[in-house]
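Remarks on the structure that follows.
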Amino acid sequence: VQLQASGGGLVQPGGSLRLSCSASGSTLSSYGVGWFRQAPGKEREFVAARRKNAPGTYYADSVKGRFTISRDNANNRVYLQMNNLRPEDTAVYYCAATGPGNPISSAYFRSSTYLYWGQGTLVTVSS
């Protein structure tokens, strides 16, 4: 599975962005998917994930209520809608897909669960 993230950019605090992750080489609906981010000087952290079989969405506490992960199976894409952005959301965002199988819920929060990674897209929240 090859993944490509896009949609990053510069946005003011309180603004919104939608990140997109397109897949090729396989059907993304067959995999769990997640978004992670890495801010300068910090470790990569979990943002959101969705199981291959809905329901089953997971969010980091820091983005709950502001970010939404969704799938577009017809177009083999996953989205991350980000609203009410804050300066601390500034990071490189990565999309990822699990391997075959059905990981337990807690596994979705761990980067080691994901076998496939896209290149990052930079989100900068600043006035």
Side-chain angles (χ1 to χ4, degrees):
V1 180
Q2 292 80 46
L3 303 174
Q4 183 161 355
S6 61
L10 174 64
V11 63
Q12 292 187 340
S16 298
L17 277 177
R18 189 178 75 160
L19 304 184
S20 177
C21 179
S22 62
S24 60
S26 188
T27 303
L28 201 55
S29 60
S30 299
Y31 303 91
V33 291
W35 288 92
F36 287 74
R37 67 186 182 186
Q38 187 166 18
K42 295 188 176 181
E43 293 187 353
R44 189 173 297 188
E45 66 174 4
F46 170 79
V47 176
R50 186 161 183 144
R51 304 182 73 93
K52 65 178 181 180
N53 300 314
T57 54
Y58 311 100
Y59 296 96
D61 288 344
S62 59
V63 307
K64 205 172 290 184
R66 300 188 297 122
F67 290 12
T68 303
I69 185 171
S70 62
R71 289 181 179 270
D72 179 355
N73 291 336
N75 291 298
N76 217 23
R77 287 178 177 267
V78 175
Y79 299 104
L80 184 69
Q81 177 67 43
M82 305 186 296
N83 298 329
N84 192 21
L85 283 159
R86 305 167 179 169
E88 54 264 37
D89 295 318
T90 295
V92 177
Y93 284 71
Y94 300 88
C95 61
T98 66
N102 201 17
I104 60 174
S105 298
S106 60
Y108 281 87
F109 293 80
R110 299 192 295 266
S111 59
S112 58
T113 298
Y114 299 83
L115 300 186
Y116 309 103
W117 291 83
Q119 92 296 351
T121 185
L122 176 63
V123 172
T124 303
V125 185
S126 175
S127 55

Quick note, disulfide (SG to SG under 2.5 Å) partners involving residues 96-127, not counting sequence neighbours, are none

Excluding Tyr116, membership of its hydrophobic cluster (Ile, Leu, Val, Met, Phe, Trp, Tyr; side-chain heavy atoms within less than 4.5 Å) reads Val1, Leu3, Val11, Leu17, Leu19, Leu28, Tyr31, Val33, Trp35, Val47, Tyr59, Val63, Phe67, Ile69, Val78, Leu80, Met82, Leu85, Tyr93, Leu115, Val123, Val125

The reported gap from OG in Ser62 to CZ in Phe46 (rounded to nearest 0.5 angstrom) is 9.5 Å

**Asked** Do Asp61 and Lys64 sit within salt-bridge range, that is, some charged N less than 4.0 Å from a carboxylate O?
**Response** yes

On a heavy-atom basis, the closest approach of Arg71 and Arg50 is NH2-O, 3.5 Å

On a heavy-atom basis, the closest approach of Ser111 and Trp117 is O-CZ2, 3.5 Å

dist Asn76:CG -> Cys21:SG (nearest 0.5 Å) comes out at 9.5 Å

In short, Ala5 meets Thr121 closest at the heavy-atom pair CB-CG2, 4.1 Å

Residues Leu122 and Val92: closest non-hydrogen pair is CD1-CG2, 3.9 Å

When rounded to the nearest 0.5 Å, the distance separating CG of Asn84 from CG of Asp89 is 8.5 Å

Tell me whether the count of non-hydrogen atoms from other residues, nucleotides or ligands lying under 6.0 Å of CD in Glu88 goes above 12. yes

From the list Tyr114, Phe36, Tyr58, ring-ring contact (aromatic ring centres under 6.0 Å, His included) with Phe109 holds only for Tyr58

- Item | Audit row: Glu45, Arg37, side-chain contact (heavy atoms from CB on, under 4.5 Å) steps and yes/no | CA-CA 5 Å; Glu45 66 174 4; Arg37 67 186 182 186; 2.6 Å; yes

Check your understanding: Does Arg51 make a cation-pi contact with Tyr108 (under 6.0 Å, within 45 degrees of the axis)?
Key -> no

- Message: Less than 4.5 Å apart, side chain to side chain, heavy atoms only: is that true for Ser126 and Leu10?
- Response: yes

Here the salt bridge (Lys or Arg N to Asp or Glu O under 4.0 Å) pairs for residues 90-112, sequence neighbours left out, are none

Does any part of the side chain of Ser70, heavy atoms only, come nearer than 4.5 Å to the side chain of Gln81, both counted from C-beta? no

Exercise. Is any side-chain heavy atom of Tyr94 less than 4.5 Å from a side-chain heavy atom of Arg44?
Worked result: yes

Interatomic distance, CZ@Arg77 vs CD@Gln4, rounded to 0.5 Å, equals 9.0 Å

What one should report as the nearest heavy-atom pair of Ser26 and Ala23 is O-CB, 4.5 Å

